[in-house]
Amino acid sequence: VFDLDNPNSPYWRGISRNMQMINGLSINNVHVENVCKNYFTTETSKNKYWVEIARENWIPFLKEELDKRYSSEVPVLITTEFILNAITIESKTTIPASTIYKECLVIKGELNLLNRDIIAFYRHPYYSLKRWPEYSKFISNRLSK
């Protein structure tokens with residue numbers, strides 16, 4: 001997942017930097033998982049079937065795994081808007097990333113297929129938590145509950 005053993009991984013680098021901005025959050029106390037556990041020959045952003053495949057084939061397994069391991073009070077951090085589109089019940093009305101970050105929003109459990117709070121923790125450089133200090137504080141406070 002994300003090539004975690006490689007400090008130069010383009011997938012993990014942004015996530016790792018964001019984790020450093022959250023009090024108490026580290027690789028030692030998060031569960032890192034791909035939504036889809038199969039290999040795709042097409043990059044997610046170019047795969048027009050990814051959301052459908054994730055929703056229908058993989059999210060039920062992810063929900064089951066999370067429910068077995070963690071209390072429903074434990075939120076899920078998601079790293080891309082693709083995941084948010086797949087995980088929200090009304091995927092056509094997904095909240096834009098900029099709105100989530102500006103307004104410090106959590107996607108409540110009743111609005112998503114995992115039935116637990118979802119926190120956007122996007123890896124795109126625009127959403128580096130260094131650029132969003134209020135959102136960073138918001139996440140720190142939410143995770144300290």
Contacts table for residues 106-117: side-chain donor-acceptor under 3.5 angstrom, sequence neighbours left out:
{"residue": "Asn112", "atom": "OD1", "partner": "Leu114", "partner atom": "N", "Å": "2.9"}
{"residue": "Asn112", "atom": "OD1", "partner": "Asn115", "partner atom": "N", "Å": "3.0"}
{"residue": "Asn112", "atom": "ND2", "partner": "Lys108", "partner atom": "O", "Å": "3.0"}
{"residue": "Asn112", "atom": "ND2", "partner": "Arg116", "partner atom": "O", "Å": "2.8"}
{"residue": "Arg116", "atom": "NH1", "partner": "Ser71", "partner atom": "O", "Å": "2.9"}
{"residue": "Arg116", "atom": "NH1", "partner": "Val74", "partner atom": "O", "Å": "2.9"}
{"residue": "Arg116", "atom": "NH2", "partner": "Asp67", "partner atom": "OD1", "Å": "2.9"}
{"residue": "Arg116", "atom": "NH2", "partner": "Tyr70", "partner atom": "O", "Å": "3.4"}
{"residue": "Asp117", "atom": "OD1", "partner": "Gly109", "partner atom": "N", "Å": "3.4"}
{"residue": "Asp117", "atom": "OD2", "partner": "Arg142", "partner atom": "NH2", "Å": "3.1"}

>> Test your reading of the model: is there a side-chain donor-acceptor pair from Trp132 to the backbone of Tyr126, 3.5 Å cut-off?
In response: yes

> Which residue pairs satisfy the side-chain hydrogen bond (donor to acceptor under 3.5 Å, both in side chains) criterion with at least one member in residues 17-26, sequence neighbours excluded?
Replying inline: none

> What heavy-atom pair brings Tyr122 and Ala97 nearest, and what distance separates the two atoms?
Replying inline: CE1-CB, 3.4 Å

> Does the Ser128 side chain pair with the main chain of Pro125, one donor and one acceptor, at a distance under 3.5 Å?
Replying inline: no

> OG/Ser16 to CE/Met21 distance, rounded to the nearest 0.5 angstrom?
Replying inline: 12.5 Å

>> Minimum heavy-atom separation for Ile83 and Ile78, please, with both atom names.
In response: CG2-CG2, 3.6 Å

> What are the two closest heavy atoms between Trp50 and Phe82, and how far apart are they?
Replying inline: CZ3-O, 3.4 Å

>> Side chains of Ile100 and Tyr127, heavy atoms from C-beta outward: is any pair under 4.5 Å?
In response: no

> Just wondering, do Tyr101 and Glu134 contact through their side chains at under 4.5 Å, heavy atoms?
Replying inline: no

> At what distance, to the nearest 0.5 angstrom, does CZ of Arg131 lie from OG of Ser136?
Replying inline: 14.0 Å

>> For Lys68, is there an ion pair with Glu65 - N to carboxylate O distance below 4.0 angstrom?
In response: no

>> Quick check: closest heavy atoms across Ala86 and Ile59, and the distance to 0.1 Å?
In response: O-CD1, 3.3 Å

> What pairs with Phe138 under ring pair (Phe, Tyr, Trp, His ring centres under 6.0 Å), at least two apart in sequence or on another chain?
Replying inline: Tyr135

> Just wondering, do Phe121 and Leu129 contact through their side chains at under 4.5 Å, heavy atoms?
Replying inline: yes

>> Restricting to non-hydrogen atoms, name the atom on Asn57 and the atom on Pro60 that form the minimum distance, rounded to 0.1 Å.
In response: C-CD, 4.2 Å

> Pick from Val30, Ile139, Ile119: which one makes a side-chain contact (heavy atoms from CB on, under 4.5 Å) with Ile22?
Replying inline: Ile139

>> On a heavy-atom basis, which atom in Arg123 and which in Ile15 lie closest, and how many Å separate them?
In response: CB-CG1, 3.7 Å

>> For the backbone of Leu84 and the side chain of Thr88, can you confirm whether one donor and one acceptor N or O come within less than 3.5 Å of each other?
In response: yes

> If you measure from CD1 on Ile53 to NZ on Lys48, what distance do you get to the nearest 0.5 Å?
Replying inline: 11.5 Å

